[in-house]
Amino acid sequence: MSESAPSPAAAQADSPTFPSPVWGKISPWTWFRWSSFVVVVALGVTLLELYQGGLNWHILFWYAVVFIWTSCITTNPWAFYNGEGSSLLDRVRAIIPLTSSCLPGHTQFDRRSPTGQSLSSMPSSATLHQGDVGFFTLASSAFITWIFAKSIFNSATLGSRFGMLGGVAYAGWYVSFLSAAIVGYVLRVKQNAKSLPSAVCRCYGDIATFCFELALLYRLFNEVWSNSVVVAGFYGETYSTMWWAAVITSTGIPAVYVCFGGMRTSLFSDVLQALLAIIFLVLILVFIGQEPNFDGINSLWTFVPGSGWIDGWSTLFAAALIQGVCSYPFMDPVLTDRTFLSTPNTMLVSFFGGGLVAALFIILFAAVGVYGAFLTDEASADSGDPATVASSLPVVATAMVNLVMLTSSMSTLDSTFTSTAKLFSLEFGGWLPIPGDNRTKKGPIAPQDVANIGPWHIAVGRLAIIAIAVGGSCFLMIETTALNATTVSGTMVMGLGPPVWGLLVWRFADPHTEGGSSWGWRRSPLAFLLSFVTGVAFGTLYQLKLLPESFEMGVGPYSALLGTNVIGHACCAAAFVLGLLIHQTVWRLEETVKPPKSLRQKGSTTALEFSDLHKDDGNGANVAHIEAETAGTTPKKGDAGGEDSEV
């Protein structure tokens, strides 16, 4: 009698088993992540003990471990440029899979892709496009990316010169949130714009766009060195070995994790950094309020040093409001790039909420400067240096101040690097023959135009991150005054205001209107260039201190800043109108045509609307297919969506 075949149950009993079903779902990347974590922590702690690294170096080390270790690694343009991808809980599941059974939605481990493969075993890129960036993520990101290390440093030093009203004066720049949100909303809803550079290119032409991108690069470059120098002040005297080591380390950490994951990693880290910053600020205020020689937190608004406060906070406040409303936000791609994330309505509410929290944060941090003036009984910028004030507080409070500065610096730098990658690879790179760009007409590439974005674009972006990190750090050999990155750069680019605000009232020809083609304004490069050059001229004269005293308005040390901005913005507006009239009446270029509602082309995933890209049947049935098509491939059996992955 022949031996019967073993039953399925018996075969299953003979097969290898794991201590827990979860172990079989842990991907090789997760094993690598955890093993590298153990090795790096062991090595880092050993070196810190060997070289007797102080508390600040321990903080910097653990900051690097947490944010680099938790970052995703992606080659997907949706994640790298648009920040779309797996949710925060999904990231936790990917990093700590053993927690999946106790987190909401743990049944996702049993979901299947169209190929029949378990989603838990697929690269996390296969679960991208789950939806637009949400309110909490975008509001947190907008808030923390504008809590620059240099900004809270400036708030503290202004607090030590003008009192708490110094923080109010600096918060005037935070009206930029409203300006940027309004411009982004109108451009997206009324004109179907996908990015600010593409809108500028449509109305003002290639040369104007190139000048605009140079202004953005100028801003991004300033952000690198001005944030690094503030953190370095906690680690040693300027230009000392420890100072340079802190510059390199604090710049290198965000450069590494943004090179890995781009905008997605930046948004993920921003949420954590926003929460940390608020917690640390509250703790700092508690420590200051409990100081025995200081009359509680309420005295922050009533205390006056023996020398009295310096006059002129209202002058600085007026200058900040003018720049914040008219021009300042448009030179900062860290802010404007985020106005094209999520849905227009969610973006608008996120920016209003995030901007309000950011302004309150800046005002409250001026308390550090006021306390510094209390300690010295003198109103001076040196009294409010956060590193100096922190040294007079208990060790825990010193660590809190350092953590606030470090958190703000890292969040700003990672967003700066994200915008740098986009600027070089998609906007400057849009004019270059980079493989993957299949357009016939060159110009800035919108981040949503993934059909024309290939792996080489992301590679160029990563190289740009490394280059600006190195260049910005080297620039510290020349300049170390953080406030100059705000006052000087904001004045230098005041000419951006009129052309950008002009986009909101621009009239386009619309060939789809009933009854035939309507008329539109002519493309007007001179409208942009005359305004831009006028602003650069005023900014240069202000920086070189060549403007006459008759330009000064108000009182105090910022009277020249206010006068330059009032007169300069008026001249820039006049130059813009003159250039516009020239092109509408004399030098008549082609009419501007309203862009279509979608960049997507028939025959590819880019032919789908965003809502289609984000649809899910509830079982994860379409995400891998969409991911694969976006990558330029089709799903195959056992394939999680091509080579495009986020891990």
Side-chain angles (χ1 to χ4, degrees), residues 74-85 125 128-129 187 192-214 216-217 220 258-259 261-264 333 336-337 340-341 417-468 523 592-593 595-610 613 626-634 641-646:
T74 184
T75 57
N76 185 290
W78 283 109
F80 195 83
Y81 292 112
N82 297 286
E84 299 184 12
S125 65
L128 291 175
H129 309 311
L187 290 179
N192 308 318
K194 305 302 179 184
S195 69
L196 187 54
S198 63
V200 169
C201 188
R202 184 184 310 119
C203 297
Y204 303 115
D206 294 347
I207 297 177
T209 306
F210 184 74
C211 291
F212 178 59
E213 291 169 355
L214 288 179
L216 301 184
L217 176 59
L220 293 171
V258 173
C259 275
M263 178 67 82
R264 188 61 200 166
T336 57
D337 284 353
F340 289 87
L341 300 180
F417 293 141
T418 301
S419 293
T420 298
K422 172 176 169 286
L423 178 66
F424 276 89
S425 61
L426 301 186
E427 290 160 5
F428 283 128
W431 277 286
L432 302 176
I434 297 178
D437 185 357
N438 303 310
R439 300 171 304 159
T440 56
K441 180 177 170 57
K442 297 300 182 181
I445 304 175
Q448 301 88 345
D449 190 10
V450 293
N452 293 303
I453 300 175
W456 279 98
H457 289 92
I458 295 178
V460 169
R462 286 171 169 152
L463 289 175
I465 291 171
I466 297 171
I468 201 169
R523 182 171 289 182
T592 52
V593 179
K597 289 186 177 181
S598 176
L599 289 171
R600 292 153 176 74
Q601 300 171 356
K602 189 175 181 180
S604 68
T605 27
T606 57
L608 299 172
E609 294 296 333
F610 285 118
L613 283 172
I626 291 175
E627 182 71 16
E629 285 191 337
T630 304
T633 64
T634 54
E643 298 178 357
D644 228 1
S645 62
E646 176 195 344

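Count residues from 1 along the sequence.
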Identify the two heavy atoms, one from [X] and one from [Y], that lie closest to each other, and give their separation to 0.1 Å.
| X | Y | value |
| --- | --- | --- |
| Ile445 | Gly430 | CG1-CA, 4.0 Å |
| Ala199 | Leu187 | CB-CD1, 4.3 Å |
| Trp78 | Gln448 | CH2-O, 4.1 Å |
| Asp449 | Arg439 | OD2-CD, 4.1 Å |
| Leu216 | Pro197 | CD1-CG, 4.5 Å |
| Ala451 | Asn438 | O-ND2, 3.5 Å |

Test side-chain contact (heavy atoms from CB on, under 4.5 Å) applied to Glu213 and Phe424, step by step: CA-CA 9 Å; Glu213 291 169 355; Phe424 276 89; over 6 Å; no

side-chain hydrogen bond (donor to acceptor under 3.5 Å, both in side chains) partners for Arg523, two or more places apart: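 With neighbours one apart ignored, the set is Glu590.
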
Does a side-chain heavy-atom distance below 4.5 Å link [X] with [Y]?
| X | Y | value |
| --- | --- | --- |
| Thr75 | Pro455 | no |
| Thr418 | Asp337 | no |
| Leu426 | Pro444 | no |

In Å and rounded to the nearest 0.5 Å, what is the [atom1] to [atom2] distance from [X] to [Y]?
| X | Y | atom1 | atom2 | result |
| --- | --- | --- | --- | --- |
| Glu427 | Phe210 | CD | CZ | 12.5 Å |
| Leu217 | Thr420 | CG | OG1 | 7.5 Å |
| Ile434 | Lys442 | CD1 | NZ | 8.5 Å |
| Thr209 | Arg202 | OG1 | CZ | 10.0 Å |

side-chain contact (heavy atoms from CB on, under 4.5 Å) partner of Cys201, the single match among Asp206, Ile207, Leu196: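 That would be Asp206; it is the only one of Asp206, Ile207, Leu196 passing the side-chain contact (heavy atoms from CB on, under 4.5 Å) with Cys201.
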
Donor-acceptor under 3.5 Å (Arg264 side chain, Ala79 main chain): no

Check: Asn82 side chain, Pro447 main-chain N or O, donor-acceptor pair, under 3.5 Å: yes

Any donor-acceptor N or O pair under 3.5 Å, side chains Tyr81, Ser425: yes

Evaluation steps, side-chain contact (heavy atoms from CB on, under 4.5 Å), between Met263 and Leu341: CA-CA 10 Å; Met263 178 67 82; Leu341 300 180; 4.2 Å; yes

side-chain contact (heavy atoms from CB on, under 4.5 Å) evaluation trace for Phe428 with Val460: CA-CA 11 Å; Phe428 283 128; Val460 169; over 6 Å; no

Near-ring test Tyr204/Phe212, centroid separation under 6.0 angstrom: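 No, they do not, as the ring centres are separated by 6.0 Å or more.
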
Over 12 foreign heavy atoms within 6.0 Å of CH2, Trp456: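 Result for CH2/Trp456: open.
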
